[in-house]
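Lettering follows sequence order; numbering is per chain, from 1. Heavy atoms only: backbone and side chains are in, while hydrogens, waters and symmetry mates are out. Keep in mind that this is a model prediction, so the values were computed, not measured.
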2 protein chains.
Amino acid sequence: MSARVTAFDVAARAGVSQSAVSRVFSGASASGETVRKVREAAEALGYRPNVLARSLITGRSRIVGMVVAYLDNPFYPDALERFSRAFQSEGYHTMLFTLPESAPERECDRIVQQMLDHQVDGLVLASVGLSDALAARCAAAGIPVVLFNRGQSGSALAQVTSANRAGGAKVAEFLIAAGHRRIGHISGWQGSSTGRDRTQGFIEALRAAGWELAGIEEGRYDHGAAIRAADRLIENDVDALFVGNDHMAFAVMDHLRFTRGLSVPEDVSVIGYDDVPMAAWAGYELTTVRQPVGRMVSAAVAALLRQMEDMSAQAGIEEIDGPLILRGSARRPEGLT
Amino acid sequence: MSARVTAFDVAARAGVSQSAVSRVFSGASASGETVRKVREAAEALGYRPNVLARSLITGRSRIVGMVVAYLDNPFYPDALERFSRAFQSEGYHTMLFTLPESAPERECDRIVQQMLDHQVDGLVLASVGLSDALAARCAAAGIPVVLFNRGQSGSALAQVTSANRAGGAKVAEFLIAAGHRRIGHISGWQGSSTGRDRTQGFIEALRAAGWELAGIEEGRYDHGAAIRAADRLIENDVDALFVGNDHMAFAVMDHLRFTRGLSVPEDVSVIGYDDVPMAAWAGYELTTVRQPVGRMVSAAVAALLRQMEDMSAQAGIEEIDGPLILRGSARRPEGLT
DNA sequence: TCCTGTTTTGCATACCTGTGCAAAGCTACG
DNA sequence: CGTAGCTTTGCACAGGTATGCAAAACAGGA
């Protein structure tokens with residue numbers, strides 16, 4: 001087990017100074033001859049620069065922290081994978097943190113603190129909020145933060161979401177055009193901006209068309225809660241359901257069909273939100289609003305990179321629009337194929 | 001934006017030396033009085049030890065690298081989340097790497113190299129192999145590796161899998177007991193030990209009972225491939241299908257029901273492997289072999305921790321047994337509720 | 001009180017690289 | 001050949017912590 005080979009070893013073998021080696025590997029200017037000698041010696045010795053020492057002195061770790069609440073909803077693994085790939089190809093690495101289910105808000109701060117300890121260059125929070133105190137701390141440490149799929153009103157943090165309000169509105173217009181009049185809504189968690197915006201856009205568009213919601217229940221992005229909510233709305237005799245995300249929509253469809261013996265969309269139309277891959281499966285054929293994961297992730301990555309490279313860059317709010325994908329789980333307006 | 005506060009600042013304020021501060025925070029022995037003064041000064045200044053500097057000198061980063069091929073199959077996000085939680089609670093952090101889809105084997109080595117650069121203390125490879133050269137390099141660097149859900153014959157690396165051979169055998173015995181005679185198999189990727197073992201256990205148990213496979217097709221853990229494989233087997237008139245994992249089994253069930261107009265299990269019994277949460281959903285009710293994720297992750301984490309703490313610890317192979325979960329997608333033997 | 005054995009403490013150094021600074025080397029031009 | 005301007009190079013140090021070593025402090029027993 002050989003000891004680690006350092007820049008000094010390479011320098012000695014190449015007949016140059018350690019600084020020369022450093023310059024070659026950090027891309028600073030050096031003569032062609034020096035570069036050649038150093039590269040050769042490094043190759044022979046199997047030298048690789050020590051990332052820790054480099055980070056210690058430059059203050060940049062080339063690590064981005066990624067906080068994620070839960071990976072049940074397939075939307076998040078998908079996003080996570082894309083984030084990881086994107087950062088990797090930009091020369092960054094991803095440090096993953098999962099929030100414990102107990103006391104998530106409380107723990108989040110501790111977790112972010114640990115990230116700061118590791119001197120991450122940037123932070124992505126997926127569906128997770130950040131206390132003002134901690135946000136200030138990140139700002140003070142010069143660490144840019146991007147909120148992914150979650151807004152935080154009044155904060156100066158960069159945010160990337162889909163156009164949730166517009167998405168909710170699209171669903172409302174579509175259901176009305178299809179002739180539905182008793183429309184129910186199983187909302188996402190109202191503690192999240194994402195959930196609130198979808199609900200709000202939906203309700204406002206209904207009102208604008210002169211209709212009111214026949215019933216609304218909170219689904220909290222939870223399987224069981226969604227099913228109970230569906231039961232209550234069905235008792236209330238609705239003929240269409242807008243569900244806060246696909247994941248809950250699947251549960252609702254299964255429940256309606258197999259437990260309650262109803263047909264979708266003949267008895268009840270169901271519309272979801274996200275367009276996860278499973279929505280296209282033959283067993284569900286879920287009509288849903290697409291969240292363009294790819295573009296959302298790209299936007300978030302771009303925003304973070306911009307801020308990491310230019311500390312004075314402004315943090316903005318980005319809303320990415322996504323289409324309503326028509327499939328079989330909701331009745332279609334007359335004359336629409 | 002205040003400059004970083006170091007151990008020297010704390011030392012000055014507490015009236016002790018920097019070493020004293022270091023000792024307090026690294027848990028070495030110190031007098032009660034010193035501890036009190038240091039803690040107090042640190043609190044007042046908001047001091048936090050610099051992880052990079054610490055890692056640089058100790059050679060241990062308290063980071064574990066995690067390589068994952070793809071997160072489509074919900075088995076992996078689930079495992080990933082548990083890994084992350086487990087390591088977090090042990091004071092380790094998780095660095096995530098995803099393999100690019102192109103040239104995965106080639107890229108894997110580069111990725112692992114990058115992890116070594118970051119001086120990770122340990123490595124978890126989920127469904128990913130490691131070239132012998134690189135395995136040797138990890139060993140030389142004293143970095144323990146655990147293969148998760150993937151074996152590698154002839155390697156000295158620690159491995160945690162489920163009892164794939166036994167699982168395949170259980171399925172065979174169950175199908176025979178239920179009276180199936182024309183049995184088909186859509187295998188997992190035969191380049192992976194996991195896929196091979198399931199197939200092999202299945203076939204051997206069939207033979208032991210005096211039967212032969214009516215047909216076998218490679219599914220490669222891929223949605224589309226699985227569907228095409230199912231078509232070919234159905235042409236071949238099978239009345240039962242053992243599918244290499246749940247993810248493919250869902251695709252197959254959808255295809256049989258909605259495209260081919262067949263009933264499951266009346267026309268064809270379908271059995272999967274993994275028991276992901278979705279298998280219990282009313283839309284599928286998939287009979288499947290459970291891979292006990294929780295226990296598998298715990299075993300992998302324990303194995304890694306053991307090796308990280310005691311470098312001379314032996315790397316072993318662990319197979320975790322899982323039951324066949326009976327649901328509605330496969331016909332049951334007479335007299336079995 | 002003196003001596004021995006045990007803690008505690010501070011000093012100095014190591015870990016490994018990036019970078020400011022000044023000296024040295026080189027090119028080109030008059 | 002001299003000099004100005006530019007590039008390359010080496011020196012020395014910084015970044016923040018852990019730790020071996022020796023000195024100091026302390027506890028206890030005779």
Side-chain angles (χ1 to χ4, degrees), chain A residues 1-39 41-42 45-63 91 114 116-121 141-142, chain B residues 1-39 41-42 45-63 91 114 116-121 141-142:
Chain A
M1 173 166 160
S2 60
R4 224 187 133 68
V5 19
T6 80
F8 280 99
D9 304 329
V10 177
R13 174 159 180 143
V16 298
S17 73
Q18 175 266 327
S19 350
V21 177
S22 166
R23 281 191 258 261
V24 168
F25 278 91
S26 55
S29 72
S31 73
E33 178 61 10
T34 304
V35 171
R36 196 192 54 73
K37 283 190 296 187
V38 168
R39 282 258 140 76
L45 297 175
Y47 168 74
R48 311 222 67 197
N50 183 322
V51 183
L52 267 56
R54 177 178 283 179
S55 300
L56 178 59
I57 195 167
T58 61
R60 349 208 73 240
S61 61
R62 296 196 77 82
I63 295 179
Q114 292 179 19
L116 297 191
D117 289 352
H118 277 274
Q119 313 219 353
V120 292
D121 292 344
Chain B
M1 175 165 158
S2 59
R4 228 189 129 70
V5 17
T6 78
F8 280 100
D9 305 328
V10 176
R13 173 157 180 145
V16 297
S17 74
Q18 175 267 328
S19 349
V21 176
S22 165
R23 282 191 259 260
V24 168
F25 278 90
S26 55
S29 71
S31 73
E33 179 61 9
T34 305
V35 171
R36 196 190 54 73
K37 283 190 296 187
V38 169
R39 282 257 138 77
L45 297 175
Y47 169 73
R48 310 221 69 196
N50 183 321
V51 182
L52 268 58
R54 178 178 282 179
S55 299
L56 178 58
I57 195 168
T58 59
R60 350 207 73 242
S61 61
R62 295 198 77 80
I63 294 178
Q114 291 179 19
L116 297 191
D117 288 352
H118 277 274
Q119 314 218 355
V120 294
D121 292 345

Listed partners of Asp121(B) passing side-chain contact (heavy atoms from CB on, under 4.5 Å), at least two apart: Arg60(B), Ser61(B), Arg62(B), Tyr92(B), Met308(B)
Side chain to side chain donor-acceptor pair (under 3.5 Å) partners for Gln18(B), two or more places apart: none
Contact check, side chains of Phe25(B) and Arg54(B), non-hydrogen atoms, under 4.5 Å: yes
For Ser17(B), side chain to side chain donor-acceptor pair (under 3.5 Å) partners two or more places apart: Ser19(B)
Asp9(A) CG to dT17(C) C1', straight-line distance once rounded to whole Å: 13 Å
Qualifying residues under side-chain contact (heavy atoms from CB on, under 4.5 Å), relative to Thr34(A), sequence neighbours excluded: Val16(A), Ala20(A), Ser31(A), Val38(A)
Output one line per pair: protein atom, nucleotide atom from nucleotides 15-18 of chain D, and distance, for all N/O pairs under 3.5 Å.
from    : atom 1 : to       : atom 2 : distance (Å)
dT17(D) : OP1    : Tyr47(B) : OH     : 2.6
dT17(D) : OP1    : Asn50(B) : N      : 3.2
dT17(D) : OP2    : Ala7(B)  : N      : 2.5
dA18(D) : OP1    : Arg54(B) : NE     : 2.4
dA18(D) : OP1    : Arg54(B) : NH2    : 3.0
dA18(D) : OP2    : Ser22(B) : OG     : 2.6
dA18(D) : N7     : Gln18(B) : NE2    : 3.4
dA18(D) : N6     : Gln18(B) : OE1    : 3.2

Which residues share a side chain to side chain donor-acceptor pair (under 3.5 Å) with Arg39(A), sequence neighbours left out: none
Pairs involving residues 21-33 of chain A, ordered by first then second residue, that meet salt bridge (charged side-chain N to carboxylate O under 4.0 Å, His left out) (sequence neighbours left out): Glu33(A)-Arg36(A)
Inter-residue atom distance Arg13(B).CZ - Leu45(B).CG, 0.5 Å rounding: 5.0 Å
Qualifying residues under side-chain contact (heavy atoms from CB on, under 4.5 Å), relative to Ile57(A), sequence neighbours excluded: none
Residue whose nearest DNA chain C nucleotide is more 5′ - Gln119(B) or Ala20(B): Ala20(B)
Between dT8(D) (C1') and Lys37(A) (NZ): distance, integer Å: 12 Å
Residues in side-chain contact (heavy atoms from CB on, under 4.5 Å) contact with Asn50(B), at least two apart in sequence or another chain: Leu56(A), Gln119(A), Arg4(B), Leu52(B), Ala53(B)
End-to-end axis angle, where each axis spans five pairs of the helix from dT1(C)-dA30(D) to dG30(C)-dC1(D), to 10°: 40°
Polar atoms only, N or O, under 3.5 Å: list the protein pairs with nucleotides 22-28 of chain C and their distances.
none

